[in-house]
Amino acid sequence: MEIRRLVGGVLESNGYIIYDKKGGEAYVIDPGYGGGRFIKEAAALEVKVKGILLTHHHYDHTGAVDKVRQAWECPVFLHWDDCAMCRKEVDRPLSGGETLKLGTEVIEVIHTPGHTKGGVCFYCGSGKVCFTGDTIFNVDLGRTDLEDGDEEAMRRSIRDVISAWGSDITIYPGHGDPCTMKYVREHNREYRELAEGR
């Protein structure tokens with residue numbers, strides 16, 4: 001599996017194309033801005049987008065969904081708990097625990113509420129990479145003071161789920177640069193405080 005990151009908008013949101021070059025298939029993750037850029041990039045990679053994976057419902061991660069969907073007539077995946085808040089039509093509601101295939105890569109859907117009720121991460125086991133949306137970044141965590149944020153849910157997501165991830169996993173967040181969980185453990189003070197129960 002290979003990864004292309006596209007950064008867009010005033011909030012510099014990360015969207016991703018993850019693709020299997022051999023099979024010619026791809027998923028788009030969080031197309032917030034510049035739908036045409038995703039379409040152009042996928043064409044240059046010579047891949048067909050088989051679905052749009054959304055980590056949460058906020059517009060800076062979903063704004064370009066319609067344009068990308070129309071280009072390939074592909075389904076949109078989002079957690080049930082975020083569907084009511086999303087301005088886009090969702091074809092495949094998620095609950096957490098599902099697996100998706102991309103070539104030989106298995107993508108696991110992990111429910112990590114806190115930033116939103118239906119926030120999820122997409123974990124690719126063989127590549128040891130995880131697309132974390134606005135749950136966790138390299139040096140901080142997603143906000144919990146927005147409309148459907150929940151500080152206690154974020155605490156549980158960090159303590160019960162993310163703290164178990166190996167230090168060799170690389171996170172690809174919704175904003176900012178990717179990094180390893182080793183880096184997170186060394187530099188992300190908010191993460192450490194919640195993981196350690198403070």
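Heavy atoms only: backbone and side chains are in, while hydrogens, waters and symmetry mates are out.
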- Taking Asp91 for its side chain and Val76 for its backbone only, find out whether a donor-acceptor pair lies under 3.5 Å. yes
- Interatomic distance, Asn138 atom CG to Asp177 atom CG [nearest 0.5 angstrom]: 6.5 Å
- Task: Kindly say whether Met1 contributes a backbone atom to a donor-acceptor pair with the side chain of Asp20 at under 3.5 angstrom?
- Result: no
- Separation of Asn188 CG from Ile162 CD1 (nearest 0.5 Å): 10.0 Å
- Hey, is Lys117 close enough to Asp148 for a salt bridge, meaning N to O under 4.0 Å? no
- Query: Does any N or O in the side chain of Arg37 come within less than 3.5 Å of the main-chain N or O of Val7, such that one atom is a donor and the other an acceptor?
  - Reply: yes
- Give me the ring orientation class for His111 and His79: parallel if the planes are under 30° apart, tilted from 30 to 60°, perpendicular past 60°. parallel
- Query: Arg159 side chain to Leu194 main-chain N or O, any donor-acceptor pair under 3.5 Å?
  - Reply: no
- Message: Can you classify the ring geometry of Tyr27 versus Phe77 as parallel (below 30°), tilted (30 to 60°) or perpendicular (above 60°)?
- Response: perpendicular
- Determine, stepwise, if the pair Thr144 / Arg155 fulfils side-chain contact (heavy atoms from CB on, under 4.5 Å). CA-CA 10 Å; Thr144 58; Arg155 186 183 307 277; over 6 Å; no
- Query: Do Lys50 side-chain atoms and Lys101 backbone N/O form a donor-acceptor pair below 3.5 Å?
  - Reply: yes
- Inter-residue atom distance Cys124.SG - Tyr172.OH, 0.5 Å rounding: 10.0 Å
- Ser13 side chain to Asp60 backbone, donor-acceptor under 3.5 Å: yes
- Should Asp66 and Lys88 count as an ion pair when the cut-off is N to O under 4.0 Å? yes
- For the atom pair OG1 (Thr135) and CE (Met154), what is the distance rounded to the nearest 0.5 Å? 5.5 Å
- Message: Please check this pair: side chain of Ser163 against backbone of Ile158, looking for a donor-acceptor N/O pair closer than 3.5 Å.
- Response: yes
